[in-house]
Peer 1: 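Take a look at the following structure, please.
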2 protein chains.
Amino acid sequence: MHKYKLLLNPSLDETVHVVNEALKKGFLSLLVGLCRVNYKGRASSVLGWGERLVIIKRDGSVLVHRTWDFQPVNWQPPGSVLQASTRGRNLTIRSVRLKPRESLEIEFEKVFSVLVMDLVDEAEFTMYASEKDMQKAVMANPELVEEGLRPLVKEKEVEHGFIDVYAVDREGNIVIIELKRRIATSDDALQLSSYVEEVKKRSGGRGVRGILVAPSASKKALFLLEKHGLEFRTLNPQKCAELVESSSKRITDFF
Amino acid sequence: MHKYKLLLNPSLDETVHVVNEALKKGFLSLLVGLCRVNYKGRASSVLGWGERLVIIKRDGSVLVHRTWDFQPVNWQPPGSVLQASTRGRNLTIRSVRLKPRESLEIEFEKVFSVLVMDLVDEAEFTMYASEKDMQKAVMANPELVEEGLRPLVKEKEVEHGFIDVYAVDREGNIVIIELKRRIATSDDALQLSSYVEEVKKRSGGRGVRGILVAPSASKKALFLLEKHGLEFRTLNPQKCAELVESSSKRITDFF
DNA sequence: TGCTAAATCTCGAAC
DNA sequence: GTTCGAGGTTTAGCA
């Protein structure tokens, strides 16, 4: 951390100065105090007086956090334009987004602490076990779904959307595979069904199967699959990520 | 604010003590320092060394924020069980969630500041212009959609889900209304289409219309509506909220 | 820029 | 406890 500034029980004028300065320099600001919040834009919201944490980031995003809940109670996304000012006896922070037009107003009656910092963070963030990882794993190791399966195309476009994996089974049937990294829902089953119906229309009498592949599925999803003559296979996204990882490692080792 | 504690450049042992104490008492903790983060559970992620803000809330939720982005880079939802400890020369904060099993590990090499507070926040949070508001408005003022429309049921159950508003038009046709508070997508059009098809099967030859009602719609959504013989009406959720508000006020005034 | 689909989606309500 | 659907969803990828 190169620079920081800490104020305890600051005057509102002092706070305005420090926050506007932080905004100009692109520093991170944390404010804790007694405030109320109004939002108007895609929807409207009102939050009465209470003690909260307000975070102002260098990209213009604003977060209002209560002492509970993962989600901020109010916020403004990156790119919003923000200004702090004193009006009467209170401090107001106003943030406006242009597209879509929406505005957030935080009014402080009392600020307990202000912490402004120039944090240094150059690290990369990497995630594994996404749906893309499952797709790669199934393309490279189709036996994860079924012995003898031959994947032909991924992301095959059809009228309603995209088929995750388009394959052919041992007996020459077309196999439509829908992948989900989470518990499959009835929506997922219906989506697969619509893909299968569409492919059936153009398959010229060739057999068409549909397989929903996910770590698990809801009861209604399983019921709908059964009803539409579709199948379900269990597949753990973490296992897929490990496979993708180890195979890319093997390639790296080779060179 | 009843109580708070602030540490600047604390030792890691001191930090462990204060954080565990805060957890026990259900206070909000803010930590700023140099850390790295690993997550494993529904997915996996790795984040290298960098300076960040860590928020620990009284319900057990944990947030790791970088100086940019609206979203936390890593997190743990409410109900997770957390513990701080020193291992070797570093401070580790470990948070575990049981269902689904996932764990977050934050390792601090250096803590710049710790702020622990007992924030008081009893205020209510209220939101307007939800889809429910649109539903109420259309039930009470069906002319928002079409002159002469008579709404019969809301949340009518059909095989695939629930019809937002089930109505009859001037000419006695059944009208299926699907409401969206945001720009309508092609999925929304297809959902409406499936409702209409299902109702047609049981309508005994009676005319069935489908209307998608939203502030606007994507091109593909409009194309699909056209293709399936469905209709679109513009309706602003904010306007609906105002109507609902003013009518409930009228009722209040009456008593 | 608009649009589509994934997300460690989260969150709440209904069952 | 499970499931389902809304959300100021956000975000990234791609046309």
Side-chain angles (χ1 to χ4, degrees), chain A residues 37-45 61 68-78 80 97 99-104 125 127-135 155 157 160-162 164 178-188 191 215-223 237-238 241, chain B residues 37-45 61-62 64 69-80 95 97 99-104 125 127-135 155 157 160-162 164 179-188 191 215-223 237-238 241:
Chain A
V37 187
N38 284 288
Y39 159 77
K40 187 148 191 177
R42 286 169 292 174
S44 306
S45 75
S61 38
W68 65 91
D69 276 359
F70 161 78
Q71 289 264 190
V73 62
N74 279 111
W75 71 91
Q76 202 70 297
S80 307
R97 183 193 196 184
K99 224 176 152 125
R101 178 88 191 183
E102 43 191 354
S103 66
L104 181 71
F125 175 73
M127 267 261 311
Y128 311 93
S130 65
E131 198 183 291
K132 271 278 173 292
D133 284 334
M134 291 179 79
Q135 198 181 59
E155 304 290 344
E157 187 166 13
H160 282 27
F162 289 84
D164 288 331
E178 176 67 25
L179 299 169
K180 291 294 160 190
R181 67 166 316 291
R182 39 141 183 92
I183 302 166
T185 68
S186 45
D187 271 1
D188 301 331
Q191 193 187 3
S216 68
S218 74
K219 275 180 201 160
K220 199 173 177 186
L222 291 174
F223 170 80
Q238 292 279 8
Chain B
V37 188
N38 284 287
Y39 159 77
K40 186 147 192 178
R42 287 169 290 175
S44 306
S45 76
S61 37
V62 181
V64 182
D69 277 358
F70 162 78
Q71 289 264 192
V73 61
N74 278 112
W75 71 91
Q76 201 70 298
S80 307
S95 169
R97 184 194 195 184
K99 227 179 151 121
R101 178 87 189 183
E102 44 191 354
S103 66
L104 182 71
F125 176 72
M127 268 261 309
Y128 310 93
S130 65
E131 197 184 291
K132 270 277 171 294
D133 284 334
M134 291 178 79
Q135 196 181 60
E155 305 290 344
E157 187 167 12
H160 283 27
F162 290 84
D164 287 332
L179 300 168
K180 291 295 161 192
R181 67 165 318 289
R182 41 145 180 88
I183 302 166
T185 68
S186 45
D187 269 3
D188 301 331
Q191 192 187 4
S216 68
S218 73
K219 274 181 201 161
K220 198 171 178 186
L222 292 173
F223 170 81
Q238 291 278 9

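This one's a predicted model, so the numbers in the text were calculated from it and none came from an experiment. Chain identifiers are assigned alphabetically (A, B, ...) following the order of the sequence lines, protein sequences preceding nucleic acid strands; residue numbering begins at 1 within each chain.
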Peer 1: Summarise how protein sits on nucleotides 5-15 of chain C as a single string, 5' to 3': B when a protein heavy atom is under 4.0 Å from the base, S for sugar-phosphate-only contact, - for no contact.
Peer 2: SSSBSSS----
Peer 1: Specify the separation, in whole Å, of atom CG of B:D188 and atom P of C:dC3.
Peer 2: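 Checked: the CG to P distance equals 13 Å.
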Peer 1: Tell me every residue that passes side chain to side chain donor-acceptor pair (under 3.5 Å) with A:K132, counting only those two or more places apart in sequence or in another chain.
Peer 2: A:E155
Peer 1: Is any side-chain N or O of A:T185 closer than 4.0 Å to OP1 or OP2 of D:dG5?
Peer 2: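 Indeed not, no polar side-chain atom of A:T185 lies that close.
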Peer 1: Starting at CD of B:Q238 and ending at P of D:dG7, how long is that distance when rounded to a whole Å?
Peer 2: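 B:Q238 atom CD is separated from D:dG7 atom P by 13 Å.
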Peer 1: Between A:Q238 and B:G41, is there a donor-acceptor pair closer than 3.5 Å when you use the side chain of the first and the backbone of the second?
Peer 2: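 Yes.
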Peer 1: Check for a donor-acceptor pair, side chain of A:R181 on one end and backbone N or O of B:R42 on the other, with a separation under 3.5 Å.
Peer 2: yes
Peer 1: Any side-chain to backbone donor/acceptor pair from A:Q135 onto A:L179? Under 3.5 Å, distance only.
Peer 2: no
Peer 1: For atom C1', what is the distance between C:dA6 and D:dG7, given to the nearest Å?
Peer 2: 15 Å
Peer 1: With sugar-phosphate meaning primed atoms plus P, OP1 and OP2, does A:K40 contact a base, only sugar-phosphate, or nothing at under 4.0 Å between heavy atoms?
Peer 2: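 Nothing: the residue A:K40, judged by heavy atoms under 4.0 Å, touches no strand.
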Peer 1: Examine distances only and state if a side-chain atom of B:E102 and a backbone atom of B:A43 form a donor-acceptor pair shorter than 3.5 Å.
Peer 2: no
Peer 1: To the nearest Å, how far apart are B:M134 CE and D:dG8 P?
Peer 2: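 Value for this atom pair: 14 Å.
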Peer 1: Could you tell me which residues satisfy ring pair (Phe, Tyr, Trp, His ring centres under 6.0 Å) with B:Y128, sequence neighbours excluded, listed by chain and number?
Peer 2: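 Here no residue qualifies.
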Peer 1: Taking the same atom, P, in D:dT11 and in C:dC11, what whole-Å distance lies between them?
Peer 2: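 Rounded to whole Å, the distance is 15 Å.
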